[in-house]
Student: 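So that we are looking at the same thing, I have put the structure below in C-alpha cells.
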Amino acid sequence: MQEKYIPAEIERAAREHWRATAADRAVETGGKPKYYCLSMFPYPSGRLHMGHVRNYTIGDVLARYHRMLGENVLQPMGWDAFGMPAENAALANKIPAARWTRQNIDCMKRQLQSLGLSIDWQRELATCAPEYYRWEQWLFTRLFEKGLIYKKLGTVNWDPVDQTVLANEQVIDGRGWRSGALIEKREIPMYYMKITAYAEELLAGLDTLTGWPEEVRLMQKNWIGKSVGVRLAFVLADSKYQEQKLWVFTTRADTLMGVTFVAVAAEHPLAVHAAKGNPELAAFIAECKKGGVAEADFATMEKKGAPTGLFAQHPLTGERIPVWVGNYVLMSYGEGAVMAVPAHDERDFAFAQKYGLPIKQVIGVAGETFSLDGWQEWYGDKSRAVCVHSGKYDGLGYTEAVEAIAADLAKLGLGEKEVQWRLRDWGISRQRYWGCPIPIVHCEVCGDVPVPDDQLPVVLPENVNITGAGSPLAKMPEFYETSCPKCGRPARRETDTLDTFVESSWYFLRHACPDNDRAMLDERVDYWCAGGIDQYIGGIEHAILHLLYARFFTRLIRDAGLIDLSEPFKNLLTQGMVVAPTFFRLDANGKKHWLSPTEVDVKTDERGRPVGATSKTDGQPVIVGGIEKMSKSKNNGIDPQTLIVRYGADTIRLFMMFASPPNQSLEWSDAGAEGAYRFLRRVWKLAHAHVGLGVTVAASGNAGLTEPQKVLRKKLHQTIGKVHDDYGRRQQFNTAIAAVMELLNACEKTDLSGAAGHALAQEVFEAVALMLFPIVPHIGQALYAELKPGANAARAAFPIVDATALTQDTVELMLQIGGKLRGSFTTPAAADRSAIEAAALATETARKFMDGKPARKVIVVPGRLVNIVI
RNA sequence: GCCGGGGUGGCGGAAUCGGUAGACGCAGCGGACUCAAAAUCCGCCGCCGCAAGGCGUGAGGGUUCGAGUCCCUCUCCCGGCACCA
C-alpha cells in the first residue's frame, strides 16, 4: 500500500475500475427492490458551479448507500437545455445557441464525471434534442385535442423600443434590461394548459406526500389556494348597462352589508367600456398599463383608483354603490372585480380614506369600539366577529352570516356559494427562439390545427439570426410557411415556443427509456417509476413551480393512458444554497467593484475574529460585504474544478457533506476544504499503519478483547447504527461524518495490541472504509481493496450492527437539584426507578445542595437524569 | 405586500420524542519534533470571575420540576410570487 495519499492516482484508478466493471449501469432486473434516485437536472450554463456539486453529491451519497443496502439503483443525468441564456450568449458572442449549449454540455459532463458520480450515462438526455421534444409535441397535440390546452389572451411585458416580449427577470426597475425603455403591459394570444382542472386533485395529493418536507407541501397548498366563498352580482344601475351584472367573488359575505364601493381591474371590460368618452378614466387605465407584470411589484405598489362614473345596485339593499377602477385588482384572479368593505378589510380601509369613500361598520367584537382613526386588527377578524348594523343578520357569527346571506342571494338569483382557486391556468407560449416549437399550424379555413404524428417532430432550425428584437422564428419564412395538414391550403406555422418548464415536467419519466424512438414512454417506466421516483433532490427554490408542474404533468400523462402513477416523487429532499462572503471596493462614482474571495486576505485579530480584508494583489484594504448566494454578479463564486485539481473530488465531496446538513445553506470555506483533506490523509495514514502490520480477519465478537477494546467495539457498532440512521432516515450527512471522526479519535486512543485487538482494528477500518464510501467513493474503494485484497467496495454490503457489542453494565445519569445541573452519578443499567432515586439521594452532591431539607418531588428519567425538587 | 423557512461560541455546525447546550470540524493560543519551515503529534479553547459560582441559544413575555426545542408578541436575514432556471 502507498504510504502517501495521492488523490489524483487513486481517483483515476477507482473511476477506471467502475467503468471497466460497468458499476453504474442500471438494469431492469427482478429480485431486488428498485431505487430510482434523481437530482434535478442542470441547465447547461457553462461550467459546473458549487450548487451543482452539492446537489449531485447528495444524490450520489444516497444512490451509493442504497446500492450497499442491496437495492437496484438507477441514477441518471440529463440537461435542461432550452432557455434564455443560450439566446443571450448567441447575441453577445455571435455563437449559435445550439453550439453554445452543446459545448457547455460537453464541458459539464466531463466535470460531473470527474466527481465520481455513479451515474448511468447510457440514459443521458438533453431536452433540446428532437428525439426528446418530439414526444413533448406529440403529447401537446393530444392535450390540445382533449381541450386541456386552449388559447386566450395573456398579459406580457412589452419593450416598446426593442419591440419584444421580456421575461420578468429582464425588467429592472420597470425598464427593459437592454433598451432601458419603460416597460408596458400588452395582451397577446397565448396557449394555456388547464392546470385548474386538476386543482382539487393536486391539492388532495399533497396529503399523500409523506416523504416531502412539510413546508413544501404547505407552500403548494397555499399556492393552489382553495377558498370557499360566495360569487355574487351587483346589477348595474346605469340605463346604458341596464340589467347587466357585475360579478364579484368574496370570502367575506358576512360583511356584504358594509360594501361602499366595487372595484374592477383596469383590463375589466366594464372599465374599458366606461373609459370611452371619459378621458380621466382612460388616462388612469393607461397609467395602469405601465410597468411589468410581476406579481411582487403589483403587490407592493401604491394602491390607486379612479371612479368609472357608473353605479351598481347592492344585491340585498338596492343601495347605489359606485364602481371604481383599482390598480390593485387582478384580472386573472376571480372575476377581475371585488366588492370593497372598507370597515373590515385593511386595503379597502386605506383606499376609502385616501379617496374619501364611506366606511360602514357591520361587524363588531365584544368590548371593542370601532373608530375611523386608524385600522385595528380586530376589524378584519372573522373568528370573533358578530354582525351589527346589518338588519336581519345582526347577532350572527361568521359562518351563520355567510350561510344566511348566500341563501338570500340565491333566492334573488344574484349569488351562490362557490369554490375559488388562487391557482391560474399555465400560460405556456413564449415569443422566444431557443425552445420547443409549438406543434400547431394556423389555417385561415380550419383554424388552429395540431401537427399530425407523421409530421413530428417540428424541428427547431439551428441556423438563425438572433437580434434581440422579436422572435427570430417569426422572421423565417422557411420555418413558418407551410400547408394546412387538414385542407392542404397554404398556412402559417406557429412561431412561439414552449415554456422550458414543460420539458422539465416529464424528463424524469423519459430517463427510464430515453432511447425509445417509437413511443414517449414504455414498460421500463412502469418498472423504475412504480410508486414514484424513490428520491428526488433539488433546490428549495423549485418548491412550487417546477414541482407543481411535474405533479400536474404526471397526471396528464396518466390520463393519456401512458402510466399508472399520480405522484411522481415519493421522497423529496430540498437542498439549501451555496453561499460565500463578498468583497468590494467603491470607485469614484460610488459603483461597487466586486473582488473574488480568492483575491482577498481576511485579517483577523489575536482571537481569530475577522477585522477586515486586503487585496492579495495590492495589499490595500477592501470592504467586506455580506454572505450571499454564489453568483457571477457578486464575483463570489468558487470554481469547483480548481479544487478538484488541487485536492481531488473526494475532498470536495467530503467538505460539502460535512459543512452543513443538506437542507440548510452551505458557506464555502477554503479552510474547511483544507480540513476535509487533512481528515482523508489521516484516514489513509491510519489504515496504512494497520495494513503495514498485516491484514487479518475482522473481529466478529467481543471474545478475547480487553475492557477498553470492548468500549471501542461498542463505539464502532453505535457508530454503524448512527450512520445508517443518518444516511437512511435522517438524510443528514454532516453528523454521519462527525460520528466516523469520533470513532477514529477513539480508535487512536485505544491500545489495539494483541491478536484480538488487531482483529478489532481490522473490523474498525473495514467498517470505516464502507461507511465513508458513499461520500468519498474513490478513497473508500482504494482503502477497502487494501484492507481486504480482492474485495470491491462498490459491490459490498453496508456494515450491520452487532447488538451483542452494545450491551453495558452501568449507566451514567445527570443529577439536577431544582432543575439545575449539579453533577452526575452511576447506577447499574438494570436499576429500577426507586433504586435510581435512592442512589441519587445518596450522592454527596445531593446531600450538599439539599442541606438537610426534604425532597418535595423527585423526577426520574431512566437513562437520562434525576431531578430533585426541594 | 402575500406564502414558506431561519437566527446557537471568533466561524461552519451538534443537541433526532421537553431532559448534560456547544458533539465534530475550522480558526486561534501554548507545547513537542526541526538548523528552520511545512507536515505531523500533545494540550487549551462560550462569556464574566482568583475561586466558589453566576450568566448564556436574535429581543421580550408565558407554560413546565426542567425550554435551543412548546405557546404569544416583536425583530432581522433568506427563498418563492406564475416569462431566470
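Naming convention: chains lettered A, B, ... in sequence-line order (proteins, then strands); numbering from 1 in each chain.
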Student: Need one value for A:Arg422: base, sugar-phosphate or nothing, where a base atom within 4.0 Å counts as base even if backbone is also close, heavy atoms only.
Tutor: base
Student: Residues in side-chain hydrogen bond (donor to acceptor under 3.5 Å, both in side chains) with A:Tyr56, at least two apart?
Tutor: none
Student: From C-beta outward on A:Gln732, which listed nucleotide comes closest to its side chain: B:rG13, B:rG25, B:rA15?
Tutor: B:rA15
Student: Among B:rU16, B:rC55, B:rC26, which nucleotide has an atom closest to any side-chain atom of A:Arg730?
Tutor: B:rU16
Student: Sequence neighbours excluded, which residues qualify as side-chain hydrogen bond (donor to acceptor under 3.5 Å, both in side chains) partners of A:Thr826?
Tutor: none
Student: OP1 or OP2 of B:rG80 versus the side-chain N and O atoms of A:Asn222: is any pair under 4.0 Å?
Tutor: no
Student: Restricting to side-chain hydrogen bond (donor to acceptor under 3.5 Å, both in side chains), what partner residues turn up for A:Asp173, sequence neighbours left out?
Tutor: none
Student: Take nucleotides 65-77 of chain B nucleotide by nucleotide from the 5' end and write B, S or -, depending on whether a protein heavy atom sits under 4.0 Å from the base, only from the sugar-phosphate, or from neither.
Tutor: B------------
Student: Mind checking side-chain hydrogen bond (donor to acceptor under 3.5 Å, both in side chains) for A:Arg432 and listing every partner two or more places apart, or none if nothing turns up?
Tutor: none
Student: Which pairs, protein N/O on one side and nucleotides 57-63 of chain B N/O on the other, fall under 3.5 Å?
Tutor:
none

Student: Detail all sub-3.5 Å separations between protein N/O atoms and N/O atoms belonging to nucleotides 39-44 of chain B.
Tutor:
unit_1, atom_1, unit_2, atom_2, d
B:rA39, O3', A:Arg681, NH2, 3.4
B:rU40, OP1, A:Arg681, NH2, 2.9
B:rU40, O3', A:Lys685, NZ, 3.3

Student: Could you give me the stems involving RNA chain B, meaning stretches of three or more consecutive Watson-Crick or G-U wobble pairs whose two defining distances are both below 3.5 Å?
Tutor: B:1-7 with B:75-81, B:10-12 with B:24-26, B:28-32 with B:40-44, B:46-48 with B:53-55, B:58-62 with B:70-74
Student: Can a cation-pi geometry be assigned to A:Lys303 and A:Phe351, taking NZ or CZ under 6.0 Å from the six-membered ring centre and within 45° of the ring axis?
Tutor: no
Student: Does A:Trp375 have any ring pair (Phe, Tyr, Trp, His ring centres under 6.0 Å) partners at least two apart in sequence or in another chain, and if so, which?
Tutor: A:Phe349, A:Tyr379
Student: Could you tell me which residues satisfy side-chain contact (heavy atoms from CB on, under 4.5 Å) with A:Ser227, sequence neighbours excluded, listed by chain and number?
Tutor: A:Phe249, A:Thr251, A:Tyr333, A:Gln420
Student: Let's see if you get this right: which residues in residues 718-728 of chain A place a heavy atom under 4.0 Å from RNA chain B?
Tutor: A:Lys722, A:Asp725
Student: Below 3.5 Å is the cut-off: list the nitrogen or oxygen pairs between protein and nucleotides 83-85 of chain B, distance only.
Tutor:
unit_1, atom_1, unit_2, atom_2, d
B:rC83, OP2, A:Arg430, NH2, 2.7
B:rC83, O4', A:Arg430, NE, 3.3
B:rC83, O3', A:Asn168, N, 3.4
B:rC83, O2', A:Asn168, N, 2.6
B:rC83, O2, A:Arg432, NH1, 3.4
B:rC83, O2, A:Arg432, NH2, 2.5
B:rC83, N4, A:Gln431, OE1, 2.9
B:rC84, OP2, A:Asn168, N, 3.4
B:rC84, OP2, A:Glu169, N, 2.8
B:rC84, O4', A:Glu169, OE1, 3.2
B:rC84, O4', A:Glu169, OE2, 3.4
B:rA85, OP1, A:Met84, N, 3.2
B:rA85, O3', A:Asp80, OD2, 2.7

